[in-house]
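Single-structure report; data block below.
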Protein chains: 2
Amino acid sequence: MNHNELQNILQEKKLKITPQRMAVLEAVYSIKHHPTAEQIIDYIHVRYPNIAIGTVYKVLDVFVQKQVIKKVKTEDDVMRYDGNIHHHHHIYCGECNHIEDYHNEELDALLHEYFIKHAIDNFIIEDVKLQINGRFIEQ
Amino acid sequence: MNHNELQNILQEKKLKITPQRMAVLEAVYSIKHHPTAEQIIDYIHVRYPNIAIGTVYKVLDVFVQKQVIKKVKTEDDVMRYDGNIHHHHHIYCGECNHIEDYHNEELDALLHEYFIKHAIDNFIIEDVKLQINGRFIEQ
DNA sequence: CTATATGCAAATCATTTGCAACCAG
DNA sequence: CTGGTTGCAAATGATTTGCATATAG
């Protein structure tokens, strides 16, 4: 993901291009595993030591609002951010606290079919997400 | 769930029976929809105005440790507690912020079968949970 | 008795907020 | 120009911690 591609993402969402936004966006895409705000701040500080913490939070909020990124809830109690805004499930390792995306169309079809058969009273389903809990193993 | 049943739950887990623990336990079982610590405190305060906030948090932590209750993460950023410790999924309404438990053996069998066929490299699955997002509707 | 639980108030820590100064379009 | 952004520092709010006191077994 180069400089121009990042700029395009901001422009498509009609967001002003600022160095801070570029830095945060680059961080979210570069840090693979669903970074916390703190990890993003650390990542940015190497090249951009003067960015304000509050600004990072504000930029992240704007991105979430404009659906450039998504917020992710995890077992620990800090917010994490995900550059992948498409529908996907999460693999979560309780030992190393890593999250990985998971996607499979067969699975989604299976779920879709199941919930057509088993509608829930007085409830409209908008989205079904799996949290696949377990442990990553050394090979 | 009467007084004796609550006492038995504590005794089985080898926890000392104190008025505070009884009050918190009763609250978690009485408040249906996955209460926050604050809701538990409010519920208790009616009958037990002098309980300390810190004590409620400590009691909740002990309960989670001893697996009397479970912590639940939601879209808002407060911790919620769930008296149902058995395997189940969650129905979540983004509008009214309510959570409801969902359980269906056919669904679990379906998922189990699916993940046998589709093992994930270098990952041992311990548990798969669904978050069913949508909206409750008036009837 | 004695270990454990409670009350209290201070501490923590991620996140939010208010506002003046700044800068992208 | 001018409204949207940033930096800063103070505020917030849920949760935690430390310690002296109280109490369950």
Side-chain angles (χ1 to χ4, degrees), chain A residues 3 6-25 27-28 34-45 47-66 68-81 97, chain B residues 3 6-25 27-28 34-45 47-66 68-81 97:
Chain A
H3 195 265
L6 296 176
Q7 280 201 346
N8 287 339
I9 291 169
L10 295 182
Q11 271 168 341
E12 274 166 32
K13 302 285 183 174
K14 305 201 197 306
L15 291 170
K16 283 188 184 172
I17 293 163
T18 68
Q20 292 86 344
R21 283 175 177 173
M22 291 294 286
V24 171
L25 195 55
V28 174
H34 306 75
T36 62
E38 204 191 350
Q39 290 172 324
I40 292 167
I41 291 162
D42 287 349
Y43 181 92
I44 292 174
H45 259 81
R47 296 197 168 204
Y48 199 145
N50 298 320
I51 196 167
I53 314 275
T55 300
V56 173
Y57 278 104
K58 278 174 195 163
V59 168
L60 287 168
D61 277 354
V62 172
F63 285 178
V64 170
Q65 221 115 61
K66 295 278 181 170
V68 179
I69 62 176
K70 283 170 105 172
K71 276 189 175 183
V72 184
K73 274 270 158 353
T74 62
E75 297 308 301
D76 49 53
D77 52 6
V78 281
M79 205 65 74
R80 288 171 179 274
Y81 297 87
N97 268 24
Chain B
H3 194 264
L6 296 175
Q7 280 201 346
N8 288 339
I9 291 169
L10 295 182
Q11 272 168 341
E12 275 167 29
K13 301 287 182 173
K14 306 200 196 307
L15 292 170
K16 284 188 184 174
I17 292 163
T18 67
Q20 292 86 345
R21 281 175 178 174
M22 291 293 288
V24 171
L25 195 53
V28 175
H34 305 74
T36 61
E38 204 191 350
Q39 289 172 324
I40 293 166
I41 291 162
D42 287 349
Y43 181 92
I44 292 173
H45 259 81
R47 298 194 165 208
Y48 199 146
N50 298 320
I51 196 167
I53 313 274
T55 300
V56 174
Y57 278 105
K58 278 174 195 162
V59 167
L60 287 168
D61 277 354
V62 172
F63 285 178
V64 170
Q65 221 116 62
K66 295 278 182 169
V68 179
I69 63 176
K70 283 169 105 172
K71 276 189 175 183
V72 184
K73 272 271 160 344
T74 63
E75 296 308 301
D76 48 52
D77 53 5
V78 281
M79 205 63 77
R80 288 173 180 275
Y81 296 88
N97 267 23

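Fair warning: this is a prediction, and the values are worked out from it, not measured in the lab. A note on names: the letters A, B, ... follow the listed sequences, proteins ahead of strands, and every chain is numbered from 1.
The nucleotide range of DNA chain D contacted by chain B, defined by atoms under 4.0 angstrom from heavy atoms of the protein and reported 5' to 3', is D:dA14 to D:dG25.
The closest side-chain heavy-atom distance from B:Tyr81 to B:Lys71 is below 4.5 Å. Residues B:Leu6 and B:His3 are not in side-chain contact: their nearest non-hydrogen atoms beyond the backbone lie 4.5 Å or more apart.
Toward the 5′ end of DNA chain D lies the nearest nucleotide of A:Val62, the other residue of the pair B:Ile53 and A:Val62 mapping further downstream. Looking at which nucleotide of DNA chain D each of B:Val78 and B:Thr55 is closest to, the 5′-most match is held by B:Val78.
One finds the CD1 atom of A:Ile9 at 14.0 Å from the CZ atom of A:Arg21 (value rounded to the nearest 0.5 Å). To the nearest 0.5 Å, atom NE2 of residue A:His34 and atom NZ of residue A:Lys70 are 9.5 Å apart. Taking CD from B:Glu12 and CG from B:Leu15, the interatomic distance works out to 11.0 Å, rounded to the nearest 0.5 Å.
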Please tabulate, one pair per line, all N/O donor-acceptor pairs under 3.5 Å involving side-chain atoms of residues 50-64 of chain A, not counting sequence neighbours.
none

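Contacts of A:Tyr43 classified as side-chain hydrogen bond (donor to acceptor under 3.5 Å, both in side chains), with partners at least two apart in sequence or in another chain: A:Glu26, A:Ser30. Checked against side-chain contact (heavy atoms from CB on, under 4.5 Å), A:Ile17 has the following partners two or more places apart in sequence or in another chain: A:Gln7, A:Leu10, A:Gln11, A:Met22. For B:Arg80, the salt bridge (Lys or Arg N to Asp or Glu O under 4.0 Å) criterion is met by B:Asp76, not counting sequence neighbours.
Between the CG atom of B:Asp61 and the C1' atom of C:dA5 there is a distance of 14 Å, rounded to whole Å. One interatomic measurement links the two molecules: CZ of A:Arg80 to P of C:dT15, which rounds to 10 Å at whole-angstrom precision. Atom CD1 in A:Ile40 sits about 10 Å away from atom P in C:dT15, given to the nearest Å. The distance between atom CE of A:Met79 and atom P of C:dC13, rounded to the nearest whole Å, is 18 Å. Atoms CD1 (A:Ile41) and P (C:dT16) sit 11 Å apart, rounded to a whole Å. Rounded to whole Å, atom P of C:dC8 lies 16 Å from atom OH of B:Tyr57. When rounded to the nearest whole Å, the span between CG of A:Asp42 and C1' of C:dA14 equals 14 Å. Rounded to an integer number of Å, the gap from CD of A:Glu38 to P of C:dT15 is 9 Å.
Using a 4.0 Å heavy-atom distance criterion, B:Val59 is classed as a sugar-phosphate-only contact.
If one axis is set at each end of the helix from C:dC1-D:dG25 to C:dG25-D:dC1 from five pairs, those axes are 40° apart, to 10°.
Here the shortest heavy-atom pairing between B:Pro35 and B:Gln39 reads CA-OE1, 3.1 Å. A:Ile44 and A:Ala27 make their closest contact through CG1-CB, 4.0 Å (heavy atoms, listed as atom of the first residue, atom of the second, distance).
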>> For a quick check, with a 4.0 angstrom heavy-atom cut-off, what is the B/S/- contact string for nucleotides 18-25 of chain C, read 5' to 3'?
In response: BB----BS
